[in-house]
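Read the structure below first, then the notes.
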Protein chains: 2
Amino acid sequence: MTKLDEKDRQILRVLSRDGRISNLDLAEKVSLSPSACLRRVQALEAAGVIAGYRAVLDPAKLGVGFIAYLSVGLKEHTKAAQEAFERAVARAPEVRECHNITGNVEYLLRVEAADLASYKAFHTDVLGALPQLSTISTHVVMASPKDERA
Amino acid sequence: MTKLDEKDRQILRVLSRDGRISNLDLAEKVSLSPSACLRRVQALEAAGVIAGYRAVLDPAKLGVGFIAYLSVGLKEHTKAAQEAFERAVARAPEVRECHNITGNVEYLLRVEAADLASYKAFHTDVLGALPQLSTISTHVVMASPKDERA
DNA sequence: GTGTGTTTGCAATTTCATTGCGCCGGTCGC
DNA sequence: GCGACCGGCGCAATGAAATTGCAAACACAC
């Protein structure tokens with residue numbers, strides 16, 4: 001993959017909105033023949049520009065009624081402590097995202113749980129079991145006016 | 001859609017990892033015939049459990065080298081101020097997510113930009129143009145050890 | 001046990017993805 | 001300027017997959 005041209009960007013725009021559009025429809029949307037279009041998509045996949053495809057699920061329909069972002073600070077900033085924390089987070093299904101950020105705290109987590117009660121359980125059982133944590137603050141999501149990565 | 005059974009959950013699990021798996025392969029993975037499997041998928045889509053499909057793009061390959069989360073506080077907490085802010089955010093392509101959260105500040109944003117310079121431009125031109133903001137703090141993402149919603 | 005409403009698997013049909021091939025436009029070397 | 005070369009395109013043929021009708025298997029309720 002040398003460089004993305006306007007057609008490639010168009011394809012990516014469409015696919016990031018509808019990852020399961022048929023190649024035929026996609027080709028029409030970007031004004032290409034199906035074969036040319038498919039070849040571009042394959043090239044984008046091979047180049048890693050398209051990292052994969054996902055179904056977007058509705059949390060509410062799955063019984064997830066509690067979503068929060070957590071700022072988490074560690075006691076020690078050693079490599080070992082960070083790795084231990086990241087391992088724990090990787091294992092916890094409630095944690096959908098974990099970002100290592102700059103600022104007062106080291107991590108920002110996105111946590112999804114069924115309700116406040118199961119969030120509390122997560123807080124106690126998962127977070128409470130980690131000795132390396134110093135500060136935790138919970139920010140409950142009340143709404144997401146924009147969520148393009150949903 | 002009455003209720004999700006184990007097969008449905010299995011299907012959702014597979015599709016959220018690989019949204020473009022062929023129905024044939026999916027059917028095999030969940031031990032169903034292709035037709036039965038497809039009908040379940042269609043039902044899940046119709047019920048809104050599957051809200052859609054997306055291609056996951058690699059930000060780095062697209063020239064996005066700067067990702068940050070921003071805590072944003074408003075001066076006034078009026079409905080009008082919130083709506084104005086949300087409208088502005090909806091228009092800004094750099095903002096990929098905007099969550100209305102509890103805590104010291106009202107909003108948490110995820111912003112993606114090409115580099116620090118273009119982030120600064122966003123900060124000045126977009127955020128600087130909003131009179132209703134009181135506090136902004138930027139948390140640069142250094143890494144994302146877990147990002148299931150990517 | 002029988003009726004009712006679902007869900008399944010099979011098989012036929014249609015639609016789609018995929019690939020080989022020749023064509024066109026642009027580029028480079030001479 | 002001219003011809004060989006390269007990259008990308010569309011067309012058409014091929015094979016694979018999605019989709020649907022239908023009858024059997026199943027699950028319950030009565």
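Just so it is clear, the structure is predicted and the values come from calculations on it, not from any experiment. Every chain is numbered from 1 and lettered A, B, ... according to where its sequence line falls, protein lines coming before strand lines.
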With rounding to the nearest 0.5 Å, note down the distance linking NZ in A:K7 to CG in A:L12.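 Reported value, rounded in 0.5 Å steps: 13.5 Å.
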How long is the gap from CZ on B:R87 to CG on B:L130, to the nearest 0.5 Å?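 Separation between the atoms: 11.0 Å.
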Between [atom2] on [N] and [atom1] on [X], what's the gap in Å once rounded to a whole number?
X: B:R40; N: C:dT6; atom1: CZ; atom2: P; value: 14 Å
X: A:E45; N: C:dA17; atom1: CD; atom2: C1'; value: 12 Å
X: A:I11; N: D:dC9; atom1: CD1; atom2: C1'; value: 13 Å
X: A:L26; N: C:dC16; atom1: CG; atom2: C1'; value: 13 Å
X: A:K7; N: D:dG7; atom1: NZ; atom2: C1'; value: 16 Å

What I'd like to find out is whether the side chain of B:I50 reaches to under 4.5 Å of the side chain of A:R20, using heavy atoms alone.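 Not touching, per the 4.5 Å side-chain cut-off.
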Can you build the contact string for nucleotides 11-24 of chain D? Use B for base contact, S for sugar-phosphate-only contact, and - for no protein heavy atom under 4.0 Å. B-----SSBBBB--
Hydrophobic cluster membership, B:F85 vs B:V95, 4.5 Å side-chain cutoff: yes
If hydrophobic residues (ILVMFWY) are linked whenever their side-chain heavy atoms come closer than 4.5 Å, directly or via other members, who joins B:L24 in its cluster?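 Members other than B:L24 - counting any ILVMFWY side chain reachable under 4.5 Å - there are none.
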Anything under 30° is parallel, anything over 60° is perpendicular, the rest tilted; go ahead and classify A:Y119 against A:F122.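 Tilted: the ring planes of A:Y119 and A:F122 meet at 30° to 60°.
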